[in-house]
Every structure is written in C-alpha cells, then in structure tokens.
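Residue numbers start at 1 and run along the sequence shown. Here the structure is a predicted model, which means the values were calculated and not measured.
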Amino acid sequence: MIRITMFSAAETVPGQGVGSAYRELVNLLTEKFPNEFELKFNNLAKTDISHYHTINLGFFLNTFLPGRGTKVGYVHFIPETLEDSIKLWWPFKKIFYWYMMTFYKRMDQIVVVNPVFIDKLVALGVKREKITFIPNFVSKKVFYKQPIIQKTKLRQKLNLPEQGYTVLGVGQVQVRKGVLDFIQLAKDNPDWTFVWVGGFSFGSITAGYDQLKKVIDNPPKNLIFPGIVDRSLMNDYYNAADVFLLPSYTELFPMSALEAFSTGTPTILRDLELYQAIIAGYYLPAYDRQAMQTQLDKLAKDDGLQERMSQQSLSASEYYSAERVSKIWEAYYTAQVQYKNNEVN
C-alpha cells in the first residue's frame, strides 16, 4: 500500500475552485483505491508521497523534514492568473510571487491541470521533465442531470423566479472572473434572470472589491447574488439554470465548467486559449460581452441548439470523468514510488 499525505488548506477559504478540486480528488482516491493508497492529511509521519495542494508557509517548511518521500506540487495558479484576483502592495506582490515559484521549484514533481501552463512554468524556471498534466474532474454522484420537470421545483427551492430564461454564473466575485460583464449583461436583458453564485473569498483585498460590493448591495432586480452556498446545493443551481456562463478572463481549468458539463447545462465561456487546449467543441465560445449576448440570444431562441449543447456538455463530462482520471492518478502515484525505489536501489 502506497502512503500518501495530502497537505492542503484549500477548504479553509470557502467558495474556491481549488477546494472543490481537492475534495474531488480525496473522495476519488478514498472510494476507488482503499487497498492501494493509505491517505493521511497534514500529517508529518513518514510517507511515500507528500502531495501539496496549497502553498502555505508551514507546508513549505515541512518539505525540509525527513520522511517526506516524493514531493508533488499541485499547480492551480501561477503569478499571471492572480494578477487580477487580489490587490497587494507591489513589494508584497513581488515577494509573494517569488515565494510561489520557490515553492514550486522545491517540489520533486509538479502536476498541472492544463497543458498550456507547462511552457509558462518552464519559462518561470521549473524543469520541464518534472511537470505532468492531469486534468480536473467532478463526480457524477455529486453533479448530475436532473429531469427537466424538476426545474420549477428547484427554482422554488432556491428562491429563483419559476418562469423565464435563467443564466447562471459561478465563482469568486472578482474582476478576473468577468463579473462586471455578467452584471452588464443582466442590465442589458431585464427580462432574463441572472444568478451569480459565489462571494468575496478574499474579502476586501479582492481586486475591484469596492466597485463590485456596490452592485451586490444594490443589484438590478433581475440579478441575484446568493453568495457562497453549500457545495451540496450547487447541483440544484446548475439544473435550475437554462445556461451556464463563465466570462472569466483567466483560468487554469475551471471546476465550475466541469460541474456545468456534468449536469448537461449548455455552457458559454470566454474563448480563452487554455480552453481550446482542453475543452474545445464542448462549449459556445464568446470573445467579448457582445459575443456573449449573441450566444445567449441564440440559445434562448433555439431549442435545438439548447439540446445539442446539453449533449456536448454531457460528452465533455464523460471525457473528464472520475473513472478515467482515477486511472491516470493511480498510474502517476505508482510511478513516483517505483521511480523513488529504483533511485534507492
């Protein structure tokens, strides 16, 4: 049995995709490999693999302790993806970015959730041979398509208007996520309901906090901000919506898109290069807010397009299924231990 210690503080800040990805992986390994992997959490006992999901200083310091085995770093963000997320005084930002890359370089191995970031990490000084791409995934037991006849009941349960076209956005409330475009689309389409699930996970240091807080405190009548909700409710939100829209400017591999795919919700994404590398063809692309409006109009008027995009979402969820990705993780962890044993011998 391979001993794996997970080091993570991802779930201490609610409403983050990093926390969702971490929970999905832990649940997957626990369910699929109870006899192959022995999992421990934030534990300093001797282990075969130390898997670092977040870059806390305490975790960095423990990488220098004996018995850590192969140190695997999980890259959910790099400096450029944080640029429009949090606002820090530039000397602190410079130190933080230096620390982030020092942490990654300290790892024996690196896992990225998007292949586009391999070259970017190499350019920042990480050795290419250390980097492996393993995609995110979501569990079909948690996120699944519910019968269409349930939609009205779900909207009642979530205190959403029972009738009409409903557009869902999910993620932290910040400029990087494209929330300002989402807000403007709500203003431009008063006959539709717009719902953004998420909040200020990083409080007042969130980029654009003052501007966004004003809208949340006094939104248009057709724009609803439920805030950060329990993960158990998210499947209901996706199924209650007619379309999922993520206007984010930068992402690695958004968990919210995978969740929407898994529920068969037609999906519109800002057409980013990183999406083209991993999920091209599964979503309706939109370069800017005007293009998002065009795609929303098409979906609202075309039942056939709605059905096709729902099927495309479900196809994406099969490709990035827990079953498929579990085999990748099994092979990866096993290979790390075998490589380490060969080094010793």
In terms of side-chain geometry, is the basic nitrogen of [X] or [Y] positioned less than 4.0 Å from the acidic oxygen of its partner?
{"X": "E259", "Y": "R231", "value": "yes"}
{"X": "K213", "Y": "D217", "value": "yes"}
{"X": "E31", "Y": "K141", "value": "yes"}
{"X": "R155", "Y": "D242", "value": "yes"}
{"X": "D108", "Y": "K130", "value": "no"}
{"X": "K140", "Y": "E323", "value": "no"}

Looking at [X], I'd like to know if its [atom1] atom is crowded, meaning that more than 12 non-hydrogen atoms belonging to other residues, nucleotides or ligands lie closer than 6.0 Å.
{"X": "Y287", "atom1": "OH", "answer": "no"}
{"X": "E36", "atom1": "CD", "answer": "yes"}
{"X": "E129", "atom1": "CD", "answer": "yes"}
{"X": "Y99", "atom1": "OH", "answer": "yes"}

How many angstroms lie between atom [atom1] of [X] and atom [atom2] of [Y], to the nearest 0.5 angstrom?
{"X": "T5", "Y": "L39", "atom1": "OG1", "atom2": "CG", "value": "8.5 Å"}
{"X": "S310", "Y": "L305", "atom1": "OG", "atom2": "CG", "value": "11.0 Å"}
{"X": "Q211", "Y": "L180", "atom1": "CD", "atom2": "CG", "value": "4.5 Å"}
{"X": "L284", "Y": "R308", "atom1": "CG", "atom2": "CZ", "value": "9.5 Å"}

Between [Y] and [X], is there a side-chain heavy-atom distance shorter than 4.5 Å?
{"X": "I268", "Y": "Y283", "result": "no"}
{"X": "P254", "Y": "Y275", "result": "yes"}
{"X": "F77", "Y": "M100", "result": "yes"}
{"X": "M101", "Y": "V126", "result": "yes"}
{"X": "T47", "Y": "E38", "result": "no"}
{"X": "V111", "Y": "V72", "result": "yes"}
{"X": "V170", "Y": "Y238", "result": "yes"}
{"X": "V26", "Y": "E24", "result": "no"}

(message) Against S248, only a single residue in R176, R270, Q172 fulfils side chain to side chain contact (heavy atoms under 4.5 Å, CB included); can you say which?
(response)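 The residue from R176, R270, Q172 that satisfies side chain to side chain contact (heavy atoms under 4.5 Å, CB included) with S248 turns out to be R176.
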
(request) Check each of M1, R3, E330 against F37 using the side chain to side chain contact (heavy atoms under 4.5 Å, CB included) test, and report the only one that passes. (result)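 Testing F37 for a side chain to side chain contact (heavy atoms under 4.5 Å, CB included) against M1, R3, E330 leaves exactly one candidate, E330.
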
(request) Dump the intermediate steps for side chain to side chain donor-acceptor pair (under 3.5 Å) on Q146 and D236, then the final yes or no. (result) CA-CA 8 Å; Q146 298 189 51; D236 291 340; 3.1 Å; yes

(request) Among N189, D188, D181, find the one that has a side chain to side chain donor-acceptor pair (under 3.5 Å) with Q293. (result)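 With Q293 as partner, N189, D188, D181 yield a single side chain to side chain donor-acceptor pair (under 3.5 Å), made by N189.
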
Between [X] and [Y], which heavy-atom pair has the shortest distance, and what is it?
{"X": "Y237", "Y": "P226", "result": "OH-CB, 3.5 Å"}
{"X": "N56", "Y": "A9", "result": "ND2-CB, 3.4 Å"}
{"X": "T166", "Y": "A240", "result": "CB-O, 4.3 Å"}
{"X": "A286", "Y": "Q295", "result": "CB-CG, 4.4 Å"}

Close aromatic pair by centroid cut-off 6.0 Å: [X] and [Y]:
{"X": "Y74", "Y": "Y52", "result": "no"}
{"X": "F41", "Y": "F7", "result": "no"}
{"X": "W196", "Y": "F244", "result": "no"}

(request) Go through the steps to decide whether S256 and L246 satisfy the test side chain to side chain contact (heavy atoms under 4.5 Å, CB included), and finish with yes or no. (result) CA-CA 8 Å; S256 57; L246 182 64; 3.8 Å; yes

(message) The test is side chain to side chain contact (heavy atoms under 4.5 Å, CB included); show your working for V195 and V167 and say whether it passes.
(response) CA-CA 6 Å; V195 184; V167 182; over 6 Å; no

Should [X] and [Y] be regarded as members of a common hydrophobic cluster, given that ILVMFWY residues are connected when their side-chain heavy atoms come within less than 4.5 Å of each other, either directly or indirectly?
{"X": "I55", "Y": "F64", "result": "yes"}
{"X": "L258", "Y": "L314", "result": "no"}
{"X": "I328", "Y": "Y333", "result": "yes"}
{"X": "Y144", "Y": "V243", "result": "no"}

Going by the angle between their ring planes, with limits at 30° and 60°, are [X] and [Y] parallel, tilted or perpendicular?
{"X": "F182", "Y": "F194", "value": "perpendicular"}
{"X": "W192", "Y": "Y165", "value": "perpendicular"}
{"X": "H51", "Y": "W329", "value": "tilted"}

(request) Just do the side chain to side chain contact (heavy atoms under 4.5 Å, CB included) check on K177 and E251 with the steps written out, would you? (result) CA-CA 8 Å; K177 289 289 186 179; E251 292 285 349; 2.7 Å; yes

(message) Could you go through V179 and Q174, starting from their C-alpha distance and side-chain angles, then the distance that decides it, and tell me whether this counts as side chain to side chain contact (heavy atoms under 4.5 Å, CB included)?
(response) CA-CA 6 Å; V179 179; Q174 53 182 232; 5.8 Å; no

(request) Tell me whether the guanidinium CZ or amine NZ of R324 lies under 6.0 angstrom from the six-membered ring centre of Y319 and within 45° of its axis. (result) yes

(message) Checking F253 against Y320 for the ring pair (Phe, Tyr, Trp, His ring centres under 6.0 Å) test, could you report, in this order, the C-alpha distance in whole Å, the side-chain angles of both residues, the deciding distance, and whether it holds?
(response) CA-CA 11 Å; F253 196 149; Y320 291 108; 5.2 Å; yes

